[in-house]
Amino acid sequence: VGDIITIPVVVHIVYRTSQENISDAQIQSQIDVLNEDFRRLNSDADNTWSQAADMQIEFCLATVDPNGNATTGITRKSSTRTSWGTNDAVKSVSQGGVAAWNTSEYLNMWVANIGGGILGYAQFPGGAASTDGVVMSPQYFGSSDKGTGFYLSAPFDKGRTTTHEVGHFLNLRHIWGDGGCGVDDFVSDTPTSDASNGGCNIGHVSCGTVDMVQNYMDYSDDACMNLFTNGQKARMRATLLPGGIRASL
Ligand code: ARG
Ligand code: ZN
Ligand code: CA
C-alpha cells in the first residue's frame with residue numbers, strides 16, 4: 001500500500017538499419033505495456049496465483065531533458081555497429097554509443113541490437129551511475145498487440161522483456177534465484193524453483209511445488225507471463241521509497 005510512484009524514462013535508440021530505428025509508436029507501445037504490467041492492468045492477468053499484485057509503479061517518457069529543455073524522451077543515433085553485446089559499449093560515447101542521462105533522475109533505456117540471441121540485460125541497484133539502466137534489442141521492445149508494422153520477433157513480441165529487465169533494475173532476481181532448490185530470490189511469496197522455465201510450462205513442478213511460470217522474472221514466453229507478486233512489490237518499492245537506493249527517481 002502507498003502512493004503511485006512514477007518513473008521518468010528516456011529511451012536511447014541506437015540503430016544501424018532502418019528496421020532497428022523503431023518508430024515512436026513502437027516505443028510508446030512498450031511504455032504502455034510497462035504501465036499495464038506494473039499496475040496489473042494487463043488484459044492477460046489471470047487468477048492462478050493469489051499473491052499477484054499491483055506494483056503501483058508507473059512510467060512516463062521524460063518531458064524535460066537534463067538541460068531543462070522540452071524533450072520527447074526519445075534520442076536517436078545512427079551507428080555502423082551490427083551488434084553491441086552486453087559490455088555496456090552502447091552506453092559509451094567513445095565506443096559509438098549514447099551516454100546516460102542523469103541516472104538519479106531518469107530510468108535510461110537503450111534499444112540497440114545486442115546480438116547473440118540476448119533479448120535484454122539490466123543493471124541492479126548499486127552499480128556504476130554511468131551504466132545504470134536497461135538495454136533491450138529492438139525486436140523485443142514494444143508489443144505487437146498495440147499496433148501494426150512494428151519490428152518485433154515472436155514469441156518475445158509482447159514487451160515482457162522490458163518488464164523483466166525493469167524488474168532487475170528495481171532489484172528483483174530471477175524467480176529461481178539462478179540456482180537450485182536451496183537458492184532463493186529473496187522473495188517469500190514466490191515458490192522455490194530449481195531452474196528457469198521456457199515456453200509456457202504451466203504446472204511444472206520443481207523443489208516439491210508448482211513453479212510460478214507466469215511470473216515476469218521467469219524465462220517463459222511473453223504470452224505466458226502475467227504477474228509480479230506482493231513480495232516482489234515490497235522489494236521493488238523499497239528501492240524507490242525514501243531511504244531506498246533509487247529514491248531519487
Ligand atoms: N534473458 C533476459 C534476462 O535474463 C530476458 C528474458 C526475458 N523473457 C521474456 N519472456 N521476454 O534478463
Ligand atoms: Zn533476467
Ligand atoms: Ca521465493
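When a ligand or atom number is given, it counts from 1 through the structure's own listing order. Computed from heavy atoms alone, side chains included, the values below leave out hydrogens, waters and symmetry copies.
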Sub-4.0 Å atoms of ligand 1 with respect to non-hydrogen atoms of Y219: 1 (N), 3 (C), 4 (O), 6 (C)
Apex the Zn ion (ligand 2); atoms H164 NE2 and H168 NE2; angle rounded to 10 degrees: 100°
Shortest protein heavy-atom distance from atom 7 (C) of ligand 1, along with the residue and atom involved: L119 CD1, 3.7 Å
Donor + acceptor pair across side chains of N67, N69 (<3.5 Å): no
Metal site the Ca ion (ligand 3): N/O/S of D185 inside 3.0 Å: yes
Enumerated ligand 1 atoms positioned under 4.0 Å from heavy atoms of S220: 9 (C), 10 (N)
Backbone or side-chain N or O of T161 under 3.5 Å from ligand 1 N or O: yes
Nearest non-hydrogen protein atom, atom 2 (C) of ligand 1: E165 OE2, 3.4 Å
Min heavy-atom dist H174 to ligand 1 below 4.0 Å: yes
Side chains of D189 and N230, donor plus acceptor under 3.5 Å: no
Atoms in ligand 1 with a heavy atom of M225 nearer than 4.0 Å: 8 (N), 9 (C), 10 (N)
Per-atom contacts, ligand 1 versus R160 - under 4.0 Å to a heavy atom: 11 (N)
The Ca ion (ligand 3) to nearest N/O/S of T190 below 3.0 Å: yes
N/O donor-acceptor pair under 3.5 Å between S220 side chain and V213 backbone: yes
Proximal atoms of ligand 1 relative to H168 (non-hydrogen, under 4.0 Å): 12 (O)
R39 to F59, cation-pi by 6.0 Å centre distance and 45° axis angle: no
Side chain to side chain, Q139 and F156, heavy atoms closer than 4.5 Å: no
Nearest neighbour in protein (non-hydrogen) for atom 9 (C) of ligand 1: D222 OD1, 3.3 Å
Presence of N, O or S from V187 under 3.0 Å of the Ca ion (ligand 3): yes
Any side-chain donor near an acceptor of the partner, S144 and D157, under 3.5 Å: yes
Member of Q28, Q26, E36 meeting the side chain to side chain donor-acceptor pair (under 3.5 Å) criterion with K146: E36
Cation-pi, F169 ring and R246 (6.0 angstrom, 45 degrees): yes
ILVMFWY cluster, F38 and V33 together (side-chain gap under 4.5 Å): no
